[in-house]
Amino acid sequence: ALFWAFTNASVDADTAESSYGLVVAFAQLGAVGGSALATQARRLHISFLYVLGGCSCALVCGMVALFEYYFAEEPQEVRKVASAVDSDDDDEEPPPEPQKSGLFDGLDLVLRHAYVFNLLMISTLYEIVLT
């Protein structure tokens, strides 16, 4: 769910229509390949499979970082439009710079807002019951 939320937030509709099928096809190949590896657990050893799974997670993180580096849009500069009547208000303070997101901003939201905490609990319980 997190992958699709990130993908939907960062891809426009035309690109999504043309590329989601490819993403799902590779996901299916990964599911088949992972299942095939799991059937060979005695020969490959469980510890190797755990290391392989951990490396796969690190690879996904690297792929997301590369995606953001190459395809993320730069924030547009806000330009002040000249008004028809010149004003003498040169003493106006510029708007404050937007704060950058931090590593623990999501955790901060969960801890500060009961609603977000409840959403986390419901989705976690759903995943536990589902498995």
Novice: Please check if atom CZ in R112 has more than 12 non-hydrogen atoms from other residues, nucleotides or ligands closer than 6.0 Å.
Specialist: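 Yes - once you tally the heavy atoms of other residues, nucleotides and ligands closer than 6.0 Å, there are more than 12.
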Novice: How long is the span from the CE atom in M63 to the CG atom in L66, to the nearest 0.5 Å?
Specialist: 9.0 Å
Novice: May I ask whether V116 and L120 are part of the same hydrophobic cluster, defined by side-chain heavy atoms of I, L, V, M, F, W, Y residues being less than 4.5 angstrom apart, directly or through others?
Specialist: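 V116 and L120: one cluster.
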Novice: To the nearest 0.5 Å, tell me how far I128 CD1 sits from S123 OG.
Specialist: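 OG of S123 is found 9.5 Å from CD1 of I128.
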Novice: Return the minimal non-hydrogen interatomic distance between L49 and A38, and the atom names on each side.
Specialist: CD1-CA, 4.4 Å
Novice: For L44 and L37, work out which heavy atoms get closest and say how close.
Specialist: CD1-CD2, 3.5 Å
Novice: To the closest 0.5 Å, what do you measure between OG (S18) and CG (D14)?
Specialist: 7.5 Å
Novice: Quick check: is L107 connected to F117 through a chain of hydrophobic side chains (ILVMFWY, heavy atoms under 4.5 Å apart)?
Specialist: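 In one cluster with F117: L107, no.
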Novice: Starting from L111, can I reach F104 by hopping between I/L/V/M/F/W/Y residues whose side chains sit under 4.5 Å apart?
Specialist: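 Yes.
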Novice: Can you tell me if OH on Y20 sees more than 12 non-hydrogen neighbours from other groups inside 6.0 Å?
Specialist: yes
Novice: Taking all non-hydrogen atoms of both residues, which atom of T39 and which atom of A36 are closest, and how far apart?
Specialist: OG1-O, 2.6 Å
